[in-house]
*Asks:* 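One structure follows; several queries about it will come next.
FYI, the numbering just counts along the sequence from 1. Predicted model only: the values in this text are computed from it and were never measured.
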Amino acid sequence: MPPQTQAEEAAIVASGIAAFNSEMEQGSGGKEADGGRDSAFTMKSLLWHGGSAWDAWFSCSSNQVAQVLLTLPYSFSQLGMLSGVILQLFYGIMGSWTAYLISVLYVEYRTRKEKENVSFSNHVIQWYEVLDGLLGRYWKAAGLAFNCTFLLFGSVIQLIACASNIYYINDRLDKRTWTYIFGACCATTVFIPSFHNYRLWSFLGLGMTTYTAWYLTIAAVVHGQAEGVAHSGPTKLVLYFTGATNILYTFGGHAVTVEIMHAMWRPQKFKYIYLLATLYVFTLTLPSAAAVYWAFGDQLLTHSNAFSLLPRSGWRDAAVILMLIHQFITFGFACTPLYFVWEKVIGVHDTRSICLRALARLPVVIPIWFLAIVFPFFGPINSAVGALLVSFTVYIIPALAHMLTYRTQSARQNAAEKPPLFLPSWAAMYAVNAFVVGWVLVVGFGIGGWASMTNFINQVDTFGLFAKCYQCPKTQPPPAPAPQQHH
């Protein structure tokens, strides 16, 4: 290509990105009421209007380790210690890679639209729209179907976790009743407009999971190994790949990456944020899962919630309460993209009325509430969702989309984001993407899907749908009264 043409194209891309940055600094597609006073410090901006790289890091870190923190010891009992550690590191790095791909495709889509003078004022870009703009309507349909279904069940899992956790503080109500109560509580997330407004919640949420992770670690070490503890995992292929897909699910929390990016003032800075978030998450998940598995071993195979084996104390009650609050936050994270999709379907996404949008969002919560009551299988449902939905949503589709978007030489030359410094070759990127697609398709979706659904069906057969109190201790019937003696 002639140098002059290259210079012209570079100027076009640069001007597009400059316009992109300018608009994002004005409020990420939304016109803030404080417009010309963004630099002024106010309590409202401190607590409510997030958009920095730090906000994105807190959002990613907080969203990645919610209730799954409590099920990772259960996965270690299925996998064994060595496999558990290796798979956490492996899927953590793989998840960071596909999150990077999603961020690159978002910037590519946004830059192209900016060059066409498309305005996203008061409009939140979502993953399926990126796929539509870059690859066409069939990719849009696939992205919409997988993403929405995953986020739907992700919200269901948070609701199930709320009921499972509170039961260890107050068992006077069964878990199903607690699901009714927390479904109503989580419905209040309809009043949070967008990811801009999770600044305070993300910060608090990460603090809560940090406390819980280190409580699990220290409490397990102080408790010591249970009497007769055994560490026999892995024993069955079904259990091994069920545990593996739960870890795949753990590091597949970037179904909301595009929405978090869109809330940033400078989305280009997101590229390595998810990796940095994952590195922090490792400091929470690895010690806690290893310590609890060391202490209780095979007992975890029938106790998918780590809280169930630790003795009750003020420290444990505090961890339960903090996790309940955090699950409320994560419910909002998972549901907010669904709210956006529903708003666009019924035509209220552009309105500025928070009350109107909140009212329009309420129907989204109802099927989540219902499904949490139908499938209350805390633990096994994570693996099923990981194998059947996460595998495509956040691993296979982003890798394939990146390969197809940059399949031509002109697309690679005009790319808004070039290959990263640590992998400066397009061929190397294609090789990594092909490996991700092949591995997740065969191991995650294929073998993992078989194992997870087998285990899930076993739970249905054992406890039944609409189980009133999943994995609750069986109450002993009162002793029969002694027969009266007649003289």
Side-chain angles (χ1 to χ4, degrees), residues 61-62 65-77 81 84 157-179 181-182 185-186 201 203-231 246 250 280-331 376 378-379 382 469-476:
S61 302
S62 176
V65 283
Q67 50 71 39
V68 77
L69 191 67
L70 306 175
T71 64
L72 283 173
Y74 167 66
S75 296
F76 270 48
S77 70
M81 186 75 79
I157 289 169
Q158 299 309 319
L159 203 48
I160 294 171
C162 286
S164 178
N165 289 342
I166 191 64
Y167 184 79
Y168 297 113
I169 288 183
N170 185 339
D171 59 3
R172 289 191 294 272
L173 298 177
D174 58 76
K175 292 182 181 179
R176 187 167 65 193
T177 303
W178 281 118
T179 303
I181 294 170
F182 279 99
C185 295
C186 290
W201 290 113
F203 176 77
L204 293 176
L206 187 57
M208 293 168 186
T209 50
T210 300
Y211 171 88
T212 303
W214 286 106
Y215 158 73
L216 293 173
T217 305
I218 295 170
V221 172
V222 170
H223 179 277
Q225 289 190 310
E227 185 177 353
V229 66
H231 300 87
N246 186 40
T250 301
Y280 179 77
V281 166
F282 282 151
T283 69
L284 306 181
T285 58
L286 287 169
S288 60
V292 176
Y293 177 55
W294 169 81
F296 297 103
D298 291 350
Q299 291 183 50
L300 287 158
L301 289 169
T302 53
H303 295 80
S304 55
N305 190 326
F307 282 144
S308 64
L309 289 173
L310 291 166
R312 183 165 184 177
S313 66
W315 298 104
R316 194 191 76 163
D317 288 353
V320 171
I321 292 168
L322 291 177
M323 283 303 291
L324 286 172
I325 300 170
H326 183 262
Q327 280 148 8
F328 165 83
I329 298 167
T330 311
F331 182 94
F378 184 71
N382 294 20
C469 207
Y470 176 66
Q471 288 188 340
C472 294
K474 293 182 179 179
T475 55
Q476 298 294 328

*Asks:* If you look only at pairs with a residue in residues 287-308, which of them pass as a salt bridge (charged side-chain N to carboxylate O under 4.0 Å, His left out), with sequence neighbours excluded?
*Replies:*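 Those involving residues 287-308 do not exist here.
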
*Asks:* Give, for atom CZ of R172 and atom CH2 of W178, the distance between the pair rounded to the nearest 0.5 Å.
*Replies:*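 It is 8.0 Å, given to the nearest 0.5 Å.
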
*Asks:* With sequence neighbours left out, what residues match S75 under side-chain hydrogen bond (donor to acceptor under 3.5 Å, both in side chains)?
*Replies:*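 S75: side-chain hydrogen bond (donor to acceptor under 3.5 Å, both in side chains) contacts with N246.
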
*Asks:* Would you give the length of the straight line joining atom CE of M208 to atom OG1 of T330, rounded to the nearest 0.5 angstrom?
*Replies:*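 These two atoms lie 10.0 Å from each other.
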
*Asks:* So which atom in P287 and which in T217 form the shortest heavy-atom distance, rounded to 0.1 Å?
*Replies:*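 Between these two residues, the closest heavy atoms are C-OG1, 3.5 Å.
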
*Asks:* Does atom CZ (F203) have a neighbourhood of more than 12 heavy atoms from anything else shown, all under 6.0 Å?
*Replies:*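 Counting other residues, nucleotides and ligands, CZ of F203 stays at 12 neighbours or fewer.
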
*Asks:* What residues form a side-chain hydrogen bond (donor to acceptor under 3.5 Å, both in side chains) with T210, not counting sequence neighbours?
*Replies:*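 Expected list: Y280.
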
*Asks:* Within the distance-only criterion (no hydrogens, no angle test), does the side chain of S304 pair as donor or acceptor with the backbone N or O of L301 below 3.5 angstrom?
*Replies:*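 Answer holds: no.
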
*Asks:* Is there a side-chain contact (heavy atoms from CB on, under 4.5 Å) between L70 and N165? Walk through the geometry before answering.
*Replies:* CA-CA 9 Å; L70 306 175; N165 289 342; 3.2 Å; yes

*Asks:* Under the rule for ring-ring contact (aromatic ring centres under 6.0 Å, His included), what residues qualify as partners of Y293, not counting sequence neighbours?
*Replies:*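 Once residues adjacent in sequence are excluded, the partners of Y293 under the ring-ring contact (aromatic ring centres under 6.0 Å, His included) criterion are H231.
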
*Asks:* Can you tell me how far apart OG1 (T179) and OH (Y167) are? Round to the nearest 0.5 Å.
*Replies:*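 T179 atom OG1 to Y167 atom OH measures 12.5 Å (nearest 0.5 Å).
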
*Asks:* Taking only residues two or more places apart in sequence or in another chain, which ones pass side-chain hydrogen bond (donor to acceptor under 3.5 Å, both in side chains) with T285?
*Replies:*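 Residues passing side-chain hydrogen bond (donor to acceptor under 3.5 Å, both in side chains) with T285: Q88.
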
*Asks:* For a 4.5 angstrom cut-off between non-hydrogen side-chain atoms, does T71 reach N305?
*Replies:*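 T71 does not reach N305 side chain to side chain.
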
*Asks:* For residues 208-229, pull every pair meeting ring-ring contact (aromatic ring centres under 6.0 Å, His included), keeping only residues two or more places apart or in separate chains.
*Replies:*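 Of all non-adjacent pairs touching residues 208-229, those that pass ring-ring contact (aromatic ring centres under 6.0 Å, His included) are H223-F296.
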
*Asks:* Does anything in residues 306-319 pair up under side chain to side chain donor-acceptor pair (under 3.5 Å), and if so which pairs, sequence neighbours excluded?
*Replies:*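 Residue pairs with at least one partner in residues 306-319: R312-D317.
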
*Asks:* Please report the closest heavy-atom contact between A295 and G224, naming both atoms and the distance.
*Replies:*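 Of all heavy-atom pairs spanning A295 and G224, the closest is CB-O, 3.6 Å.
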
*Asks:* How would you list all residue pairs meeting salt bridge (charged side-chain N to carboxylate O under 4.0 Å, His left out) that involve residues 161-170, not counting sequence neighbours?
*Replies:*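 As it turns out, there is no salt bridge (charged side-chain N to carboxylate O under 4.0 Å, His left out) pair with a partner in residues 161-170 once direct neighbours are skipped.
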
*Asks:* Roughly how far, to the nearest 0.5 Å, is the CD1 atom of I325 from the SG atom of C162?
*Replies:*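 If we round to the nearest 0.5 Å, C162:SG and I325:CD1 are 10.5 Å apart.
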
*Asks:* Name the residue from L159, I160, T177 that meets the side chain to side chain contact (heavy atoms under 4.5 Å, CB included) definition with F182.
*Replies:*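 Between F182 and the candidates, side chain to side chain contact (heavy atoms under 4.5 Å, CB included) is satisfied uniquely by L159.
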
*Asks:* What's the spacing between S164 OG and Q327 CD if we round to 0.5 Å?
*Replies:*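 Taking OG in S164 and CD in Q327, the distance rounds to 8.5 Å.
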
*Asks:* Please report the closest heavy-atom contact between H303 and Y74, naming both atoms and the distance.
*Replies:*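 Distance-wise, the nearest heavy atoms are O-CB, 4.4 Å.
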
*Asks:* With sequence neighbours left out, what residues match S62 under side-chain hydrogen bond (donor to acceptor under 3.5 Å, both in side chains)?
*Replies:*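 Result, side-chain hydrogen bond (donor to acceptor under 3.5 Å, both in side chains) vs S62: H326.
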
*Asks:* Which pair of non-hydrogen atoms, one from T209 and one from L69, has the smallest distance, and what is that distance?
*Replies:*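 T209 and L69 have their closest heavy atoms at O-CD2, 3.7 Å.
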
*Asks:* Mind checking what makes side chain to side chain contact (heavy atoms under 4.5 Å, CB included) contact with T250, not counting sequence neighbours?
*Replies:*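 Counting only residues at least two positions away or on another chain, T250 forms a side chain to side chain contact (heavy atoms under 4.5 Å, CB included) with V68, L72.
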
*Asks:* Go through L216 and L310 one step at a time and tell me if the side-chain contact (heavy atoms from CB on, under 4.5 Å) criterion holds.
*Replies:* CA-CA 8 Å; L216 293 173; L310 291 166; 3.5 Å; yes

*Asks:* With sequence neighbours left out, write down each residue that passes side chain to side chain contact (heavy atoms under 4.5 Å, CB included) with I218, or none if nothing qualifies.
*Replies:*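 By the side chain to side chain contact (heavy atoms under 4.5 Å, CB included) rule, I218 matches V222.
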
*Asks:* Tell me the closest heavy-atom pair linking P73 and S288, and the distance in Å.
*Replies:*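 For P73 and S288, the tightest heavy-atom pair comes out as CG-O, 4.4 Å.
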
*Asks:* Any idea which heavy atoms bring W294 and V229 closest together, and the distance?
*Replies:*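 So the minimum-distance heavy-atom pair works out to O-CG2, 4.2 Å.
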
*Asks:* So, taking the atom named NZ in K175 and the one named CG in L173, what distance separates them when rounded to the nearest 0.5 Å?
*Replies:*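 K175 NZ to L173 CG: 13.0 Å, rounded to 0.5 Å.
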
